[in-house]
Amino acid sequence: MRIEAEPKLGFKDVLIRPKRSTLNSRSEVSLTRKFSFRHANTEWEGVPICVANMDTVGTFSMAKKVAEFKLFTAIHKHYSLPDWSLFLASCTDDIYESIAVSSGITNSDFTRLSEIISAFPKIKFICIDVANGYSERFVKFVQKARMSFPTKVIIAGNVVTGEMVEELILSGADIVKIGIGPGSVCTTRVKTGVGYPQLSAIIECADAAHGLKGQVISDGGCTCPGDIAKAFGAGADFVMLGGMFAGHDECGGDLIEKDGQKFFRFYGMSSDTAMERHFGGLSDYRASEGKLALIPNRGSVADTIKDIMGGIRSACTYVGAERLKELSKRTTFIIVAEQENRVFS
């Protein structure tokens with residue numbers, strides 16, 4: 001046993017210090033970024049905010065809507081090949097720039113992934129997703145995916161430490177997904193005692209990835225546009241959101257009525273709710289590491305996207321970043337004891 005005494009920080013622990021700026025308006029800020037990738041011989045351009053590959057948010061209907069704003073969706077892994085066929089038949093080719101096909105790491109997952117990629121070779125992004133990215137089995141799956149799909153951009157996670165980011169990038173990942181336990185419906189930290197404060201995880205993992213010409217995607221922990229700005233300021237190339245996209249018309253899951261109000265069910269993908277829905281229940285050897293929340297129906301996701309993008313643009317103007325790419329270079333974090341005045345909360 002050993003103890004690391006250096007403090008590790010989450011989004012709630014810091015604010016971004018303002019700096020003098022030559023920007024006159026939020027409208028002058030560009031949130032579009034262009035990336036090339038270490039392994040895949042391709043480029044991507046868009047707003048690097050990603051819908052999480054959860055079955056209650058990472059849906060086909062969500063993908064269509066957020067693509068209008070040049071955002072990205074990691075489609076959840078429980079759609080079948082016929083489902084994909086129907087979806088892509090209703091889209092233009094532009095949709096391929098805005099979606100990833102998600103996969104677990106079992107043999108059946110690989111078979112399904114191969115079938116989808118074979119049927120739709122224009123798909124350029126693969127998201128290999130497990131709760132614990134520290135297993136040897138996961139690394140071997142990433143290696144297998146890289147060998148099998150050499151031209152695809154591979155997103156792989158989740159991890160929270162620099163050495164594992166380096167191993168995954170060297171094993172074939174282009175983008176590493178960062179986060180253990182920060183999500184709004186994740187209970188991993190409570191059930192296992194394992195985790196890492198998200199801001200520090202981003203800072204350390206981004207440094208490791210960028211040294212190898214890879215990228216990172218911050219996954220979880222953002223509750224408001226300011227948190228997303230902090231994630232980008234900390235060095236995240238992409239930011240993945242689940243809870244902030246939950247409860248909208250474009251989401252999947254059950255819409256229920258309670259006391260005259262409509263709610264969407266939103267749950268973690270390691271919860272007993274998810275296990276019951278997709279696998280017939282929770283296995284005897286494991287505990288639920290997610291919870292169920294009821295989210296009031298929030299209408300179309302368009303207004304939420306505009307609010308998020310407006311907040312990030314405003315953050316950029318406070319530090320003089322004309323482009324989102326410049327935000328991390330112009331960010332100084334200050335450690336604080338409070339975030340906001342909540343007297344009227």
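Residues passing the side-chain hydrogen bond (donor to acceptor under 3.5 Å, both in side chains) test with Ser108, sequence neighbours excluded: Thr106. For Ser80, the side-chain hydrogen bond (donor to acceptor under 3.5 Å, both in side chains) partners are Asp83, not counting sequence neighbours. Qualifying salt bridge (Lys or Arg N to Asp or Glu O under 4.0 Å) partners for Lys65, counting only residues two or more places apart in sequence or in other chains: Glu68. Remark: Arg137 pairs with no residue by the side-chain hydrogen bond (donor to acceptor under 3.5 Å, both in side chains) rule, at least two apart or across chains.
Glu204 and Thr161 share no donor-acceptor pair across their side chains, judged by distance under 3.5 Å alone. Between the side chains of Lys124 and Thr42, at least one donor N or O lies within less than 3.5 Å of an accepting N or O. A donor and an acceptor atom, one from each side chain of Ser300 and Glu250, are located under 3.5 Å apart.
The closest side-chain heavy-atom distance from Phe149 to Ile126 is below 4.5 Å. Side-chain contact check for Cys316 versus Glu322: every heavy-atom pair is 4.5 Å or farther apart. Within the 4.5 Å cutoff, the side chain of Leu212 has heavy atoms near those of the Glu166 side chain. Counting heavy atoms from C-beta on, the side chains of Arg17 and Val319 never come closer than 4.5 Å. With contacts defined as side-chain heavy-atom distances shorter than 4.5 Å, the pair Leu88/Ile99 qualifies. At least one side-chain heavy atom of Lys230 sits less than 4.5 Å from a side-chain heavy atom of Phe333. The side-chain heavy atoms of Val29 and Arg323, taken from C-beta on, include no pair separated by under 4.5 Å. Using a 4.5 Å cut-off on side-chain heavy atoms (C-beta onward), Val130 and Asn158 make no contact.
Annotation: cation-pi geometry satisfied between Lys144 and Phe110 (NZ/CZ under 6.0 angstrom from ring centroid, within 45° of ring axis).
Under the 4.0 Å criterion applied to side-chain N and carboxylate O atoms, Glu43 and Lys34 are assigned as salt-bridge partners. Salt bridge absent: Lys77 and Asp129 never bring a charged side-chain N and a carboxylate O closer than 4.0 Å.
When all heavy atoms are compared, the tightest approach of Asp174 to Ala40 is OD1-N, 3.3 Å.
Heavy-atom neighbours of Glu257 CD from other residues, nucleotides or ligands within 6.0 Å: above the threshold of 12. Heavy atoms from other residues, nucleotides or ligands lying under 6.0 Å from NZ of Lys325 number 12 at most. Dense packing is recorded around CD1 of Ile334, with more than 12 heavy atoms of other residues, nucleotides or ligands lying under 6.0 Å away.
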Val165 and Ile178: CA distance, side-chain angles, deciding distance, side-chain contact (heavy atoms from CB on, under 4.5 Å) verdict: CA-CA 9 Å; Val165 168; Ile178 308 303; 3.8 Å; yes
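Within the structure, side-chain hydrogen bond (donor to acceptor under 3.5 Å, both in side chains) contacts touching residues 305-318 (residues at least two apart or in different chains) are Arg26-Ser314. Applying the ring-ring contact (aromatic ring centres under 6.0 Å, His included) rule to pairs touching residues 218-242 yields Phe35-Phe238, Trp44-Phe238, sequence neighbours excluded.
When ring centroids are compared, Tyr96 and Phe120 stay outside the 6.0 Å threshold.
Within the 3.5 Å criterion, the main-chain N or O of His76 finds no donor-acceptor partner in the side chain of Asp55.
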